[in-house]
Amino acid sequence: MFAHPFPPMSLPEPVFDRVFDANASSGGKDLGKLPDWDLTDLYASDDAPELQRDLEWLQKECAAFAADYEGKLDTLDAAGMLECIQRDETLTNISGRIMSYAGLRYYQQTTDGARAKFMSDMQDKITTYTTPLVFFTLEINRLPEDFLDGLLAENADLARYKPIFDRIRAMKPHQLSDEMEKFLHDMGVVGDAWEKLFDETVAGLTFCVNGDELGLEATTTLLTEPDREVREAAAREIAAVLGDNLKTFARVHNTQAKEKEVMDRWRGMPSAQAGRHLSNQVEPEVVEALRDAVVAAYPRLSHRYYELKRKWLGLDRMQVWDRNAPLPIEPAKTVDWPTAQDMVMSAYGGFDSRMADIAEPFFTKGWIDAGVKPGKAPGAFAHPTVTNVHPYVMLNYLGKPRDVMTLAHELGHGVHQVLAAEQGELLSSTPLTLAETASVFGEMLTFRKLLDEAQTQSERKTLLAGKVEDMINTVVRQIAFYDFECKLHAARREGELTPEDINAIWMSVQAESLGPAFDFMDGYEVFWSYIPHFVHSPFYVYAYAFGDGLVNALYAAYQEAPEGFQDKYFDMLRAGGSKHHSELLAPFGLDASDPKFWDKGLSMIEGFIDELEAMED
């Protein structure tokens, strides 16, 4: 198949290391009625006849597709190749619909054994059914260049799929034999078991803080409490519980990294990161320019900001449990759900009414699951499902001001996914480097609206400081995460890593990125162990820094030349995965391959810190 036989779930995102109260309930105190998902737009239930019908159709049609096309792609004319691709697109749609339903249902309650079994069973079935399709991309890569170019030149409808052909053929140097590719396809569900072990272990952790038994998210929420003793107690309990489970987490990371090393070696990948860069359609030198620009900016960004924060908190030294502490001037504030909805929708509508119109059904039609419930997956994400249904957004909404920004972020993903769906199943999926654009832009719109409406200097300072912290967590922290992964995978290639080895790698990047204002408690070295991206999506994290830098540059372009910006912005989102980042940014006069591009984005963060420093005078 052109695409992966079942699009991977968008995993819970620790985008800004945001934290939520896992003990809050849906419709919890003072928050208003929090919405739940209505998954019936996918299937009515796990035993719905439509689901059984689709499974039976998929099994039959996969076999028919292989019978009709295996060994015959080089005999097709342009019309025949178009029909072939359209059949593949339908297969991708049906398998994606099944896995979207199974995955979303599982994330609603990860501790439910029946839901976990259902998702595993669906994954097993779809893997089995789609194994005969492995030939497709392999055979495409054996087609002569002039033959394929000739077909594309003959048929405009077929030529629309050229970006997909280009993406597949970029993998040509790393392709194995047909038999090996089929074997690896079948073995994929085995590797996924380590991800499930990680998820189930994290979901099952219990923390005891000041006599209360809490889950991970409830405990990390305490790191944002005004009471410093509560923050310290939470940090030490997190360290203790993660430490008790460290052998399991180290085993998962060792196994996943080794599996990746084997795959990369067989495929001839030049580095552990190379596969991610290929799938993101971004040049390694662009990522390295981003990484180098951010690391060089650590002293001007995180080091400088945390020194400011240390003074605001009245501390001689910052401890790790002070990183997300509220400012002393920041009033305790709970934002109920209707207010959050109004804030985000108002910001979206202020930019363009079309954006608010696209966002509105998420609130009214059961496309958001906002409440925190026992067993629900942590964090937040937006999953596009398939192009003839709609996206679903998951939050763990507690009513904190930053939760409003999380809503703005995930809703931005949702708007993007709705617009990109116009491209169809194969071209709608946006590379990760651009997938964060609409989400971070949605946050920026919401932040700017709140900043413009600030009534006092103190309120403006609180908003600016919160935004700077979010940007540091998006840019600095995620690049530090990327460096951690690079070092982890490089070290694993030299041999098995002990938990202490991984701890040391973690501390090396944390000290560098957070700066000299911090002391690090005993136990902080294990905080790498609960971050899901390292397990589910290796090297995903630089996409957040890419997206933030890109949006900063985009927003600057919007401020400089607002006329016609909205139309260009919507065109960029509608393009989905049909264009390279260079094509998408060209209408805005932006070029991510220019090292100075990243400095432009980072300068916005510096400007906010400059304003905060000026307030001290």
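- The salt bridge (Lys or Arg N to Asp or Glu O under 4.0 Å) search around Lys260 returns Asp264, not counting sequence neighbours.
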Trace of the ring pair (Phe, Tyr, Trp, His ring centres under 6.0 Å) decision for His533 with Tyr544: CA-CA 12 Å; His533 281 91; Tyr544 295 125; 5.6 Å; yes

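- Between Leu585 and Leu550, the shortest heavy-atom distance links the atoms CD2-CD1, 3.2 Å.
- In this structure, Thr430 OG1 and Leu573 CG are separated by 8.0 Å, a value rounded to the nearest 0.5 Å.
- Minimum heavy-atom separation, Thr385 to Glu425: O-OE2, 4.3 Å.
- Panel note: side chain Thr130, backbone Leu133; no donor-acceptor pair is recorded below 3.5 Å.
- With sequence neighbours excluded, the residues forming a side chain to side chain donor-acceptor pair (under 3.5 Å) with Asn280 are Tyr542, listed by chain and number.
- Between Glu261 and Lys258 there is a salt bridge, since a side-chain N of the basic residue sits under 4.0 Å from a carboxylate O of the acidic one.
- Distance CE/Met394 to CD/Gln108: 9.5 Å, rounded to 0.5 Å.
- Listed for the Asn396 side chain is no donor-acceptor partner under 3.5 Å among the backbone atoms of Val372.
- Of all heavy-atom pairs between Asp41 and Arg97, the closest is O-NH2, 2.9 Å.
- A pairwise comparison of heavy atoms in Gln417 and Pro391 identifies OE1-CB, 3.1 Å as the closest pair.
- Here Phe198 pairs with Phe249 under the ring-ring contact (aromatic ring centres under 6.0 Å, His included) rule; sequence neighbours left out.
- Between Asp46 and Arg105, at least one side-chain N (NZ, or NE/NH1/NH2) sits under 4.0 Å from a carboxylate O, which counts as a salt bridge.
- Going from atom CD of Glu360 over to atom CG of Leu411 covers 10.5 Å, rounded to the nearest 0.5 Å.
- Contacts of Arg87 classified as salt bridge (Lys or Arg N to Asp or Glu O under 4.0 Å), with partners at least two apart in sequence or in another chain: Glu61, Asp68.
- Pro378 places none of its side-chain heavy atoms less than 4.5 Å from the side chain of Leu216.
- A donor-acceptor pair under 3.5 Å links the side-chain atoms of Thr90 to the main chain of Gln86, judged by distance alone.
- Taking the ring-ring contact (aromatic ring centres under 6.0 Å, His included) definition, one finds that His253 meets it with Trp528, sequence neighbours left out.
- Leu427 is listed as a side-chain neighbour of Arg160, based on a closest heavy-atom distance under 4.5 Å.
- In terms of the side chain to side chain donor-acceptor pair (under 3.5 Å) criterion, Thr255 has no residue partners (sequence neighbours excluded).
- The side-chain heavy atoms of Arg169 and Leu143, taken from C-beta on, include a pair separated by under 4.5 Å.
- Looking at heavy atoms from C-beta onward, Arg167 lies in side-chain contact with Ile164 at the 4.5 angstrom threshold.
- Looking at every heavy atom in both residues, Gly371 comes nearest to Leu34 through CA-CD1, 3.6 Å.
- Considering only heavy atoms from C-beta on, Ile358 stays 4.5 Å or farther from Tyr348 through its side chain.
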Between Phe481 and Phe534, is the ring pair (Phe, Tyr, Trp, His ring centres under 6.0 Å) condition met? List the steps. CA-CA 9 Å; Phe481 283 177; Phe534 300 157; 5.4 Å; yes

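- Partners of Lys125 under the side chain to side chain donor-acceptor pair (under 3.5 Å) rule, at least two apart in sequence or in another chain, do not exist in this structure.
- Minimum heavy-atom separation, Pro132 to Cys62: CB-O, 4.4 Å.
- Qualifying ring-ring contact (aromatic ring centres under 6.0 Å, His included) partners for His390, counting only residues two or more places apart in sequence or in other chains: Trp367, Tyr392.
- When the side chain to side chain donor-acceptor pair (under 3.5 Å) test is applied to Lys162, the partners found at least two apart in sequence or on another chain are Asp166.
- Of the possible donor and acceptor atoms, one in the side chain of Gln423 sits under 3.5 Å from a partner among the backbone N and O of Arg574.
- Contact check on Lys373 versus Asp36 returns a salt bridge, with a Lys/Arg side-chain nitrogen under 4.0 Å from an Asp/Glu carboxylate oxygen.
- Residues meeting the side chain to side chain contact (heavy atoms under 4.5 Å, CB included) test with Ala340, sequence neighbours left out: Val335, Tyr397, Val404, Leu407.
- Taken to the nearest 0.5 Å, the CG atom of Asn93 stands 4.0 Å off from the CG atom of Asn388.
- Listed for the Glu583 side chain is a donor-acceptor partner under 3.5 Å among the backbone atoms of His580.
- Checked by atom type, the side-chain pair His489/Gln256 shows no donor-acceptor distance below 3.5 Å.
- Ring planes of Tyr569 and Phe351: perpendicular class, angle over 60° (limits at 30 and 60°).
- Looking at Asp149 and Glu145, their side chains come closer than 4.5 Å, going by heavy atoms from C-beta outward.
- Within a 6.0 Å radius of CH2 in Trp266, other residues, nucleotides and ligands contribute 12 heavy atoms or fewer.
- Distance check: Thr437 OG1 to His413 NE2 gives 9.5 Å after rounding to the nearest 0.5 Å.
- Side-chain contact between Gln281 and His581: absent, with no pair of heavy atoms (C-beta onward) separated by less than 4.5 Å.
- In terms of the salt bridge (Lys or Arg N to Asp or Glu O under 4.0 Å) criterion, residue partners of Asp121 (sequence neighbours excluded) are, by chain and number, Lys117.
- For the residue pair Ser439 and Glu436, a side-chain donor N or O sits within less than 3.5 Å of a side-chain acceptor on the partner.
- The aromatic rings of Tyr482 and His277 are tilted relative to each other, their planes meeting at an angle between 30° and 60°.
- Screening residues 64-99 for ring-ring contact (aromatic ring centres under 6.0 Å, His included) gives Phe65-Tyr69, Phe65-Phe136 as the qualifying pairs, with residues at least two apart or on separate chains.
- Side chain of Ser353 to main chain of Gly349: no donor-acceptor pair is present (N/O by atom type, distance under 3.5 Å, no hydrogens or angles).
- A salt bridge does not link Lys72 to Glu139: none of the charged side-chain nitrogens sits closer than 4.0 Å to a carboxylate oxygen.
- Side-chain contact between Val287 and Gln273: absent, with no pair of heavy atoms (C-beta onward) separated by less than 4.5 Å.
- In this structure, Glu443 contributes its side chain and Ala408 its backbone to no donor-acceptor pair below 3.5 Å.
- Note that CD of Gln566 is 5.5 Å distant from CG of Asp352, once rounded to the nearest 0.5 Å.
- A donor-acceptor pair under 3.5 Å links the side-chain atoms of Arg492 to the main chain of Asn254, judged by distance alone.
- Ion pair Lys376/Asp369 flagged as a salt bridge, since at least one NZ, NE, NH1 or NH2 atom sits closer than 4.0 Å to an Asp/Glu carboxylate oxygen.
- Note on Asp357 versus Arg354: no salt bridge recorded, every NZ/NE/NH1/NH2 to OD/OE distance being 4.0 Å or above.
- Formation of a donor-acceptor pair under 3.5 Å by the Ser271 side chain with backbone atoms of Ala274 is found in this model.
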